[in-house]
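Note sheet for the following structure.
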2 protein chains.
Amino acid sequence: MLGYLYPLRTYLIVAGTFEKPNPMTADWVVPLSFSPQLLGVAIGKTRHTCGLIKEKKDFVVAVPTLELLKDVWIAGTTSGAREDKSKKMSVTFVPSKKVKAPSIKECAANIECKVVNEVETGDHIFFVGEIVDVTYGDAFRDGKPDIKNYRFLIHTSSGPNFTYVGNEIFKP
Amino acid sequence: MLGYLYPLRTYLIVAGTFEKPNPMTADWVVPLSFSPQLLGVAIGKTRHTCGLIKEKKDFVVAVPTLELLKDVWIAGTTSGAREDKSKKMSVTFVPSKKVKAPSIKECAANIECKVVNEVETGDHIFFVGEIVDVTYGDAFRDGKPDIKNYRFLIHTSSGPNFTYVGNEIFKP
């Protein structure tokens, strides 16, 4: 019944190190607190990324636009335990400012997080991360997304179906 | 720095009872587990809804489309502690199937949840809910959203700025 929460934004979670990055696709990402600045991400217990974040205690939430769809799909359908999926992708990994996990140059923003809590939620681990730094490009102005000029990626439902955020603004 | 996770879908969280419903607007909603079916919602500790969910141990995640924008805005900007905001809204509250919190007839779906865990995350409480039932209309087919014909609401950033999910489908 989780399908009734969809469509959802899709992000890339980068774990590991600059030397050995491990990106995965995740729709299950959520803000959690203004002060301190916290966010959460639920990752399947059997995922390679889950073990990596448990070990390294940090991760990056990278924000893809529609242009990165092919890379997002590779990151979401390849197992990092079996192969180095960062090599199959066409993005550029760059060092982050405050965490060991790297950032992705082509993404609209990279949100750097240190793990402050891990909660077991059924078949997933919910990692609570404190946001320690962020890098971003022109897709954000004054901390707000520029939906008129950038296509923020949305996963419409499970499987290979994506779209992007509309670019009309409505006021209540 | 939470603004870099936006745009995000926006939902209505309904707490309380059919006799005394208390709806609020929430962007901070996330799927958590396939088995059992779990989702999470982060609610500010000072919110009236937070106390209500702690007391009643259940809630409904109602899925609004763009047509409900005015009601979504009322639910997000009125305090349920001071007035009965359900009376200011033009939606119809109906009994849910398996929880005390009511559903909203005009919403695309109503996801009924029983609280199975409460986690303190900074200035919010993160409620983990087990999905016990769902009602939905034509905006979903085979459990998947019909983005071609329905306008699923998106909060583009903080404040009164909304849009809806695009209706083109892209395949990787």
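All chains are named by letter (A, B, ...) in the order of the sequence lines, taking the proteins before the strands, and each is independently numbered beginning at 1. Note that the coordinates shown come from a computational prediction; the quantities given were computed from them, not determined experimentally.
- The part of Leu66(B) that comes within reach of chain A is its side chain, from C-beta onward, which places non-hydrogen atoms under 4.5 angstrom from that chain.
- Side-chain atoms of Glu118(B) never come within 3.5 Å of backbone atoms of Ile125(B) as a donor-acceptor pair (strictly under, hydrogens ignored).
- Using a 4.5 Å cut-off between heavy atoms, Tyr136(A) contacts chain B through its side chain alone, with no backbone atom that close.
- Only the backbone of Asn167(A) comes within less than 4.5 Å of a heavy atom in chain B; its side chain stays farther off.
- In this structure, the portions of Leu32(A) lying under 4.5 Å from any heavy atom of chain B include both its backbone and its side chain.
- Between Phe152(B) and Phe140(B), the distance separating the two ring centers is shorter than 6.0 angstrom.
- Within the 4.5 angstrom heavy-atom criterion, atoms from both the backbone and the side chain of Leu2(B) approach chain A.
- Only the side chain of Val119(B) comes within contact range of chain A, judged by heavy atoms closer than 4.5 Å.
- Both the backbone and the side chain of Val29(B) come within contact range of chain A, each with at least one heavy atom under 4.5 Å from a heavy atom of that chain.
- With a threshold of 4.5 angstrom between heavy atoms, Ile147(B) approaches chain A through side-chain atoms but not through N, CA, C or O.
- Between the side chains of Asn22(A) and Thr49(A), at least one donor-acceptor pair of N or O atoms lies under 3.5 Å.
- Using the six-membered ring where Trp is involved, Tyr164(A) and Phe170(B) have ring planes that are tilted, between 30° and 60° apart.
- Side chains of Asp123(A) and Ser35(B): a donor-acceptor N/O pair is absent below 3.5 angstrom, by distance only.
- Residue contact with chain B, scored on non-hydrogen atoms closer than 4.5 Å, involves the backbone and the side chain of Ile131(A) alike.
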